[in-house]
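Since the structure comes first, as structure tokens, the remarks are kept for the end.
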Amino acid sequence: MDSMKSNPVTSRDVARLAGVSQATVSRTMADGRVSADTRDRVRRAMDELGYVPHAGATAMKTRRTNTIGVVVADIVNPFYQEILDELTIEISRRGLRVVVWNTGEGSQRDALIAIREKAIDGVIFTTATEESAELQTAVERNSPLVLINRSVAGVECDEVVSENRTGAASVADYLVENHRSNAAFIGGAANASTSAERRDGFLSRMRELGHPLADDTIFDAGYSHKISRELTANLLARPTPPAAIFCANDYMAFGALDAVRTAGLNSRDAPWVIGFDDVAIASWTSFDLTTVQQPTREMARAGVQLLLERISDPSAPPTKRIFPCRLIERGSTASSILAVQ
């Protein structure tokens, strides 16, 4: 019986099986700057041979850790669960590892320190606010970072966003066309670009259409399900409640739906409820939420690609990718769905 161990699989073996050069294998593992076909061939060869690159040796050769950081907001919000899932899939598909920071005290700072200390190669922020001064310092130091779903005024860095203003304006058009102009708006955090843009897009379009919202029908709920539910309950208790409630994300819209159903209104009196994001559970029968859809998967892929390009060329001018949104009509804007069963 042969007790000798077989020789370990090397990148040269992977290159031979994939029909590419050893340098291409290294490039695939380092930053993914190869064609999709080549990357898939290299990955298949690695899987077939059981090749596992030595992290320490790779880091010494490339001065990279092959690790990407992701900073997310409150993970209870289904949108952040979905964007994190898409980012993880895409990063892993590139042969890289993921470190996640869930937003809390100092989490953004920790991620930026990790870049500075070369513990990670770059970081993707899915949440950032106007107070994120540390981001500006990081950009000035050429730290590789990308913002997804957020912008920060004065910070010139790579961004992946959706057409928040246009998407919110389409909600105004929809409500006016359906004679639901007596509306309320429940926004997120005042210092978040997403909420500010959706608020501006909706309110501006309502004014243009001749149906401006009264000040006492415009709220900031901090992207909180609980606060949105309470605000909606208060609106429903008014002598003339709104005919429609537009929330700056689906998570708050679920809170509004909870309040409407708890109030036990008949179908004729129930207000329409509209969200923003189109998270997966928005289409579930129990919610059936009309909402503005963001292309989460495409945004995640674009964010990862921009970060890999930034890591390879820190001095390149910043890139901004903007994705379209579209209104998805469901049962929450057909009042009968809101009737208590």
Close aromatic pair by centroid cut-off 6.0 Å: F287 and F254: yes
Side-chain donor-acceptor pair present, S11, Q22, cut-off under 3.5 Å: yes
Side-chain donor-acceptor pair present, S151, S193, cut-off under 3.5 Å: no
Salt bridge flag under 4.0 Å for residues D158 and K320: no
Side-chain donor-acceptor pair present, D13, T10, cut-off under 3.5 Å: yes
Short side-chain donor-acceptor distance under 3.5 Å, S315 and D313: yes
Side-chain donor/acceptor of R165 to backbone N/O of F202, under 3.5 Å: no
Polar contact flag, side-chain donor to acceptor under 3.5 angstrom, S228-Y251: no
Test side-chain hydrogen bond (donor to acceptor under 3.5 Å, both in side chains) applied to S162 and Q293, R198, Q294, E298, the passing residue: Q294
Donor-acceptor side-chain pairing of T291 and R330 below 3.5 angstrom: no
Spacing of CZ belonging to R180 relative to NE2 belonging to H211, to within rounding of 0.5 Å: 14.0 Å
Residues, nucleotides or ligands: over 12 heavy atoms within 6.0 Å of R238 CZ: yes
